[in-house]
Structure formats: C-alpha cells, structure tokens
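Note sheet for the following structure.
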Amino acid sequence: MRWSQALIPTLREAPNDAEVASHIFLLRAGYIRQLAAGLYDYLYLGQRSILKIIAIVREEMDRIAQELYLPALHPAEIWQTSGRWEVMGDNMFRLKDRFDRDLCLGMTHEEIMADLARRELRSYKQLPQIWYQIQTKFRDEPRPKSGLLRVRQFTMKDSYSFDLDEAGLDISYQKHHEAYCRIFDRCGLRYMIVSAHSGSMGGSQSHEFMVRSDAGEDLIASCAACGYAANVELASAGVQFAPEPVENAAAEEYATPGQRTIAEVSAFTGVQPHRLIKSLLFMAGDKPVLVLVSGDDEVNETKLATVLGQEARPAHPEEIVRHTGAAAGSVGPVGLKLRILADPTLQTRSGLICGANRDGFHLRHVNPGRDFQPEWVDVRTVRGGDSCPQCGKPLQVAKAVEIGHIFKLGRKYTQAMEVRVLDAQGKEIVPIMGSYGIGVERILTAAIEQNHDENGFWLAPSIAPFQVVVTIVNAGDAAMVNAAETIYKDLGAAGVDVLLDDRDERPGVKFKDADLIGIPLRVTVGKKVGQGLVELVERVSRTTRDVPLAQVPTLIAGLLQEQVQPVRA
RNA sequence: CGGGGCGUAGCGCAGCCUGGUAGCGCACCUGCCUUGGGCGCAGGUGGUCGCCGGUUCAAAUCCGGCCGCCCCGACCA
C-alpha cells in the first residue's frame with residue numbers, strides 16, 4: 001500500500017478524552033475513531049491488525065476445534081430457559097421485533113451453543129465436541145472506558161466444549177490452555193496465567209490469561225519465587241502469625257464521639273489501624289452476616305460469596321441499625337446474636353478495639369475468641385507483601401488486563417437446556433461443558449500497553465498492520481524514489497506486508513509518523529542510495545544499520561523470522 | 001446510579017467572571033521556497049459556540065432544562 005493513497009489519519013496531539021497509552025496511541029495512529037461511548041470505528045490500520053490477530057486465533061483454534069457462526073440476535077426464550085434473561089439485568093441489550101417479541105443482543109453464547117448441542121447430539125460416540133466462533137458480542141457496560149479496553153461492542157473468540165465426563169473436560173480444558181499459549185505467544189505478548197474465580201455457578205476450575213498493565217482492571221497476586229499467581233478475587237495469603245503479646249485486660253466501653261471510620265478512630269485513639277477490628281454488616285438474602293477483618297485490610301466480597309454460597313451485599317444504613325443497634329462506624333461483634341465471620345489474621349491478636357454497638361462508643365481490650373466466637377474464614381483481600389500461600393515468600397500485587405479466560409462450567413447449562421446423549425449402556429447422560437473466551441481487541445490493546453514509548457508503539461510483525469514501512473526521505477529525488485519503489489516491489493513479491501511512504505512530506509513528519517503507528521521495521525531510503533545503501537531500523541530498539549539495497553529482502557526476511565520467538569512473562 | 005470535570009473549526013486550546021455579533025496554534029487548500037526528526041514566507045477554506053427554552057435592544061458569555069463525552073466509585077460473564 002502507498003501511504004499517499006491510504007486513510008491513515010495520524011494526530012499530533014491526543015484527543016483530550018484519552019488517558020491510557022493504548023487509547024491515546026490507537027487514536028493518534030489513526031487505528032480507531034470513537035462513534036459513541038464504548039463504540040469505535042476500526043479504520044484501515046486498526047482493522048488490518050485485528051484481522052491478523054483473528055487469523056492467528058483461527059489457525060490455532062482450528063487445531064483443536066470446529067468453527068461455527070451463531071447469531072448475535074437471540075430470542076428471549078432461550079435466555080429465559082437458563083434463567084439468565086433476568087440475571088443479566090441491565091447489562092443485556094434488549095429489543096423487540098415487529099410482532100412485539102422480546103429479543104436481545106448476545107453477551108455470550110453458552111445458551112445458544114447448548115441449544116444447538118441439545119438438538120444435534122444424540123450419542124456418546126459424538127463426544128467430545130469443541131465448537132468455536134469469532135463473533136461480535138454486545139454488553140451494555142455501566143461504564144465503558146479506556147478506549148478499546150472496556151467497550152459495548154467487541155469481537156470475541158468464544159468456544160464451548162461438550163464432554164462425556166470430568167476426565168474428558170480436563171482434556172478439552174488442557175487443549176484450550178495450550179492453544180491459548182500458542183496464540184498469545186504468536187501475538188508477541190508477555191502474559192501470565194492465573195487462577196481465577198470460578199463463579200457462583202459451581203464451576204470447578206478457571207484460569208485467566210493476563211497482561212500486566214496499569215491500565216488493567218484486575219489485580220493479580222503473584223510470587224516471583226515459586227510461580228504462584230492468582231486473581232486477588234480468590235488469592236489467599238499464607239496465615240501470618242505475627243508474634244504479638246497477649247493482653248488479658250477486660251473489655252471496656254469508652255466514648256469516641258463522632259469517630260466513625262477506621263482512620264478517624266485510629267487518629268482519635270492513637271492506635272494503629274491493624275489493632276482495630278473492621279466490622280461490616282452484609283446481607284446474604286435476608287440474613288445479616290457480620291464480617292470482621294483487620295482494620296488495615298479489606299473485605300473480599302468474592303471470597304465472602306464463596307463462603308456463604310450466595311452473593312452478599314453491604315447492608316443499608318437502616319438494616320445496620322436494626323440488626324446491631326448502632327449506625328455504621330460503631331458496629332462490633334461483642335454481644336451480637338448473628339452469624340459472625342472473621343478473618344484468621346485476627347485470631348492471634350488481643351487487646352483490640354471495635355465498635356460497641358452504641359453510637360459514639362467503642363470497646364477496647366477486646367480479645368477475639370474470648371469476647372466473641374466467630375467462624376474463622378478467609379475473607380480478606382490479599383495485599384502486596386503478604387506471604388505466598390505456597391512458599392511463604394512475599395507476594396506482589398499488580399494490575400493486569402484480562403485477554404483470555406478458560407472455564408470448566410460443569411453441567412449448569414447442559415442441564416438447563418436439557419442436553420442429553422445416550423452412553424455406552426444406553427443410559428441418558430448430561431454432557432459436561434467448558435467455555436473459553438479471548439477478547440480479540442484486547443490483544444491489540446494489551447500489546448500497545450506493553451510496547452510503547454513517548455513517540456508511539458511497536459507491534460510484533462505477526463499482528464502489525466504492516467511489517468515494514470519504506471520511508472522515502474525526499475519524494476522529489478528520483479534516485480531515492482526509484483530505489484524505494486524497487487524495494488517496495490521486491491518485498492511485496494517476497495510476501496512481506498509493506499507500506500510505502502511516498503507522501504510529499506518533510507522527512508521529520510515521515511519519521512514521526514513511522515515511529516507512531518506500530519510498524520516494527522523501517523527501511524529509510526535517503527542520500528546514501530548514491531552508494532547503493534539504505535537504512536534498516538528496528539522500532540523496538542531503534543537500532544539503525546546501513547545495508548546494500550539488494551540485501552534488503554533477505555535481511556528483512558531474517559528479522560521477521562527472529563521476531564516470532566515466543567516470550568513468556 | 002452517586003461524586004467530579006468537560007462540550008467553541010478535524011486535533012489542542014483562548015474568549016465566558018464584567019453580554020456588543022468569534023479568535024490562536026496545528027491540520028487542510030493555492031503559490032513560492034525547502035528536503036535526515038513534526039521547515040519558512042504569502043494568500044486562503046472551514047465554526048447554527050452540544051441542544052431547547054428564558055432574560056435582554058443585543059447571548060459563546062447570564063438563568064433554567066435536556067443531551068453527549070471523560071475520570072473516580074458502585075456494577076461487571
């Protein structure tokens with residue numbers, strides 16, 4: 001492609017509403033334009049890159065699965081069958097057809113795939129089946145953000161496995177694990193694989209593929225020493241028995257007028273936050289549950305839901321008063337007749353401070369186990385520096401972008417959708433299901449988050465819109481133009497994706513643009529063509545070398561070869 | 001949905017407080033000049049100032065309502 005003919009609308013300045021690097025550069029490099037909140041036009045370069053990512057995904061998925069293509073527009077009935085017509089709530093785009101029938105735009109396809117399985121699968125001999133599609137998903141996100149990172153319409157590779165039993169599911173799951181590694185390796189990403197929350201639906205196992213980035217919305221706890229890695233939604237820390245002197249003084253009430261938050265009480269009393277008990281009232285259905293963690297810890301609602309076997313929400317102010325007798329800020333476990341859960345970090349501490357269940361008062365010299373008897377369960381959110389549950393070394397906590405998720409679903413959907421096959425004994429059985437997703441645009445976004453500097457970004461040749469840009473320093477110089485045209489033709493003939501910058505612009509403009517738009521290699525055709533030389537520039541390292549014109553195709557082929565080597569985080 | 005910010009030319013912004021009929025830089029067009037890191041000179045094109053209503057002789061500017069976008073939080077298969 002000739003740059004002079006292409007729509008590559010680069011911007012010198014970033015639009016004011018872009019904040020994260022990938023968003024800024026996708027806009028500046030002319031990959032995307034915004035249509036509305038969470039909706040983007042993919043322009044020439046953006047679409048080219050997305051298509052290359054899709055090609056890699058398709059190639060690797062074809063090794064383990066069959067590609068299908070299911071509708072994005074779904075009748076309500078099928079979602080009502082699984083119960084998710086209600087569960088999905090406002091996140092689902094809903095509409096009606098001309099006969100006033102309810103429809104929705106697909107957020108995901110478990111139901112639709114299971115419906116197909118129900119209609120087409122009869123015998124255990126047909127299992128296992130792995131079906132995938134690359135398709136548009138619609139989610140009415142409460143808050144789209146960060147460019148392509150969280151949007152309302154996006155492309156997903158989603159696949160679904162149907163197996164006879166758990167052992168079969170293990171194999172399908174493992175196949176996806178390996179396929180995902182190959183895909184992300186080939187896209188040149190540095191990623192981690194972490195244990196993830198398997199949901200309230202009783203799934204048995206789940207892993208997320210994560211790319212470290214401050215733009216990410218997930219927090220990952222990881223251990224450099226032993227390789228433990230988990231989403232903080234479920235990460236646990238090794239129990240920390242900090243040696244603390246035992247205090248035996250009796251608990252007593254004392255006035256703390258107007259002191260409500262941990263920070264306020266700590267400042268008022270001069271006592272460190274970890275010597276306070278944070279007491280939060282949750283409602284599990286209509287049942288109140290008091291949850292206790294150290295004053296410097298946070299309650300992990302995902303873990304809490306797992307412990308309770310159902311989702312819990314923070315109690316409303318009037319519920320807090322009704323169940324404890326005090327307003328939030330003066331609540332504590334002593335003397336309360338409700339279910340009390342406490343994190344084990346409190347177990348070895350004594351002489352603590354907690355709310356007195358009387359407005360404006362706290363208790364001091366409180367000893368867990370003596371003054372109240374909780375159930376000891378892990379409900380705190382792991383923090384950086386906590387000890388690794390596997391090896392005891394300090395954990396790191398960092399933000400990450402989720403690019404893929406694999407999930408052992410169990411029989412929830414096959415049961416609900418009544419998928420049944422006959423086994424070898426002629427008995428009806430319900431197949432077990434897995435589901436697996438890759439966010440296609442997130443691969444591009446994560447790659448930019450990972451590989452950028454102040455001038456722009458660089459993509460792996462496998463997913464870059466072009467592998468090479470040939471820059472003509474002076475478009476008015478016939479010798480330069482001729483040499484560049486030759487290189488352009490030869491590279492094209494060799495199967496290299498090449499962009500020829502034939503614009504009549506000053507060299508500075510062309511260099512800045514070339515650095516900006518993510519192309520990994522550049523050939524600069526300048527004054528040295530007189531001696532038969534051009535420059536070969538690698539965007540990653542910005543290394544430049546003079547090479548004879550005739551050697552360009554060979555050298556480029558070599559460089560493209562090298563760069564497909566997988567790099568693991 | 002709660003809190004905050006913003007909306008003036010394709011992009012970045014000023015003007016608004018103190019009302020008087022819209023401006024700067026970049027981009028774009030024409031010509032000359034220049035050609036190794038966003039050249040220079042000259043001349044141009046382009047805006048119902050987010051929308052609706054009100055106040056006023058007069059509204060980008062003041063008042064009311066609405067819409068949109070961004071950020072923080074809540075939410076999130």
Side-chain angles (χ1 to χ4, degrees), chain A residues 7 9-20 23-24 27-30 33-40 79 82-84 87-92 104 106-111 113 137-147 149-152 154 156 158 160 196-201 203 206 208 215 217-218 231 233 301-302 305 311 313-314 402 404-407 409 412-413 435-439 454-456 471-481 501 503-516 522 524-529 533-535 537 542 544 546:
Chain A
L7 177 67
T10 57
L11 299 173
R12 292 193 185 207
E13 288 176 284
N16 175 26
D17 46 13
E19 292 203 349
V20 304
H23 189 196
I24 289 171
L27 288 166
R28 283 195 55 203
R33 288 293 183 260
Q34 184 176 42
L35 176 64
L39 299 173
Y40 288 87
W79 285 87
S82 71
R84 290 210 287 184
V87 172
M88 291 305 194
D90 289 339
N91 271 27
M92 181 180 261
C104 66
M107 306 174 61
T108 176
H109 279 72
E110 280 81 8
E111 282 83 353
M113 285 281 182
K137 300 286 188 264
F138 298 89
R139 297 179 185 185
D140 195 358
E141 292 288 344
R143 188 148 91 81
K145 56 179 288 205
S146 307
L149 223 43
R150 180 158 294 273
V151 289
R152 296 193 292 174
F154 61 99
M156 181 184 251
D158 49 323
Y160 305 87
H197 180 54
S198 55
S200 50
M201 47 181 65
S206 167
E208 290 167 332
E217 298 180 283
D218 287 274
N231 196 306
E233 283 184 350
E301 292 189 36
T302 308
E311 296 290 322
R313 60 165 174 83
E402 179 186 350
H405 197 163
I406 57 178
F407 205 116
L409 273 184
K412 179 185 162 93
Y413 297 99
S435 85
Y436 318 86
I438 289 179
E454 65 283 4
N455 296 308
T471 303
I472 307 174
V473 170
N474 182 353
D477 182 310
M480 291 185 201
V481 171
D501 191 351
R503 295 175 298 169
D504 185 16
E505 290 284 355
R506 310 239 342 147
V509 173
K510 296 186 174 191
F511 293 145
K512 287 288 186 190
D513 273 346
D515 285 346
L516 175 63
R522 182 172 96 210
T524 306
V525 183
K527 281 179 188 143
K528 284 171 274 188
V529 279
L533 295 175
V534 295
E535 280 168 22
V537 186
R542 298 201 130 175
T544 300
D546 290 332

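Letters A, B, ... mirror the listed sequences (proteins, then strands); counts begin at 1.
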Mind checking the P distance from C11(B) to C28(B)? Whole angstroms is fine. 15 Å
Flag the pair Arg522(A) and Asp501(A) as a salt bridge only when some basic side-chain nitrogen lies within less than 4.0 angstrom of an acidic carboxylate oxygen. no
What does C11(B) pair with, Watson-Crick or G-U, if both distances are under 3.5 Å? G25(B)
Euclidean distance for C1', G36(B) against C41(B) (whole angstrom): 23 Å
Ranking G37(B), G38(B), C39(B) by distance to the side chain of Arg506(A), first place goes to C39(B)
Nearest-neighbour nucleotide for the Glu301(A) side chain, C71(B), C75(B), U35(B) considered: C75(B)
Any idea which of C28(B), C71(B), C76(B) is nearest the Arg143(A) side chain? C71(B)
Pairing partner of C6(B) (Watson-Crick or G-U wobble, both distances under 3.5 Å): G68(B)
Taking pairing as Watson-Crick or G-U wobble with both contacts under 3.5 Å, can you name the mate of C62(B), or confirm there isn't one? G54(B)
Check if the side chain of Arg503(A) and the base of G38(B) share a donor-acceptor pair of N or O atoms closer than 3.5 Å. no
Residue Thr524(A), side-chain atoms from C-beta onward, closest of C75(B), G36(B), G12(B): G36(B)
Picking from C13(B), C11(B), G36(B), which would you name as closest to the side chain of Glu535(A)? G36(B)
Does A27(B) have its OP1 or OP2 closer than 4.0 Å to a side-chain nitrogen or oxygen of Arg12(A)? yes
Can you tell me, in whole Å, how much space there is between the P of U8(B) and that of C13(B)? 10 Å
Hey, which of these two, Ala14(A) or Pro144(A), hits RNA chain B nearer its 5' end, going by closest nucleotide? Ala14(A)
What's the closest nucleotide to the side chain of Val509(A) if the choices are A74(B), G37(B), C39(B)? C39(B)
